[in-house]
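I have placed the structure first, in the form of structure tokens, so that the comments after it can refer back to it.
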Amino acid sequence: MSIKIKTNEEIALMRDAGKIVAETHLLLESMIKPGISTFELDEAARKFILKNNAIPSFKDYNGYPGNICTSINEEVVHGIPSKKRILKEGDIISVDIGAYYKGFHGDAARTHGVGKISEEARNLIDVTRQSFFEGLKVIKEGNHLHEISSAIQNYVEKNGYSVVRDLVGHGVGRDLHEEPQIPNYKTIGRGPKLLKGMVIAVEPMINIGRYEVRWLSDDWTVVTMDGSLSAHYENTILVTEDGSELLTL
Ligand code: MF3
Ligand code: CO
């Protein structure tokens, strides 16, 4: 396997897939308030994606039971929507959505506050989102993957938070997860060179406390080991000659 370069025709389809993901996010954002269940969010996303002639990417992926992922407070990613999980004032929730349209996936995540949230929670959400944009700044043809990882980690740690190590971003296209893996922290080497036509999903997962995580017994939900709050932000990105294009924003 190697990193795929998308053709112009493929990129046009990925823009469409990404737009569906972005619009689904706007719909769910408008629904997030105290009292709503994560199942209701999942249902709304499923219906909206199907109405747009796409399919939820995550459903049945390696047996994943939901259509989207909804991860509350100390849950990092891959929380499974449930009628029993009711959002309450002060929670933070990461919503992760994928849509498969005409052979291609779009993938994006956002973290929202429910009602009024603490200053600390607000700052975590803001730093997580901004860390993505710090990574985005160094994306262009000719740069190396490692520069994205470093930019994210430096920004996050400067702000006193920690970067999850056990989960990473990824290439995206005909498959939800393609090469390369994209860590949000420095690793050995420069990583592959970015070339125009690559499409990648950069997705920092940031904890207030320590970076270690564990898996719950449902085999999906990832939580922080120390119980601290965690936030997540992700977009699908096309690498271009002089920068990048966000396909899910
Ligand atoms: N955005 C996440 C990812 O890239 C969502 C995957 S959830 C899964 O890993 F269920 F599909 F695995
Ligand atoms: Co992803």
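As the structure lists them, so they are numbered: ligands from 1, and atoms in each ligand from 1.
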Check the side chains of [Y] and [X] for a donor-acceptor pair under 3.5 angstrom, ignoring hydrogens and angles.
X    : Y    : result
S228 : N207 : no
T248 : N235 : yes
H232 : T111 : no
Y61  : H177 : yes
D107 : H170 : yes
E40  : S37  : yes
D166 : Y211 : no
N52  : K19  : no

Identify the protein heavy atom lying closest to [atom], giving its residue, its atom name and the separation to 0.1 Å.
atom                    : answer
atom 10 (F) of ligand 1 : Y64 CG, 3.1 Å
atom 2 (C) of ligand 1  : D96 OD2, 3.0 Å
atom 6 (C) of ligand 1  : H78 NE2, 3.8 Å
atom 3 (C) of ligand 1  : H177 NE2, 3.2 Å

Note to self: If we only look closer than 2.8 Å, how many protein N, O or S atoms does the Co ion (ligand 2) have near it?
What the structure shows: 4
Check: N62 near ligand 1, heavy-atom distance under 4.0 Å?
Finding: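 Under 4.0 Å: no for N62.
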Checklist line | Heavy atom of C69, distance to ligand 1 below 4.0 Å | finding: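 In this structure, C69 qualifies as a contact of ligand 1 - some heavy atom is under 4.0 Å.
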Item checked: Taking every non-hydrogen atom, the tightest pair across I32 and G113 ->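 Distance-wise, the nearest heavy atoms are CG2-O, 4.1 Å.
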Which of the atoms in ligand 1, numbered in the order shown and given with their element, are less than 4.0 Å from a heavy-atom of [X]?
X    : answer
H170 : 3 (C), 4 (O)
E234 : 1 (N)
W220 : 10 (F), 12 (F)

Margin query: What I want to find out is whether R46 reaches D42 closely enough, with some N-O distance under 4.0 Å, to be called a salt bridge.
Written below: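 D42 and R46: not salt-bridged.
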Note to self: I'd like to check whether Y61 has a polar contact with ligand 1, where a contact means an N/O of the residue lying under 3.5 Å from an N/O of the ligand.
What the structure shows: no
Notebook entry, point to check: When only distance counts, is D107 in polar contact with ligand 1, meaning an N/O pair under 3.5 Å?
Noted result: yes
Check: Taking ILVMFWY side chains as joined if any heavy atoms are under 4.5 angstrom apart, and letting links pass through other members, which residues group with L216?
Finding: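 In the cluster with L216 are V223.
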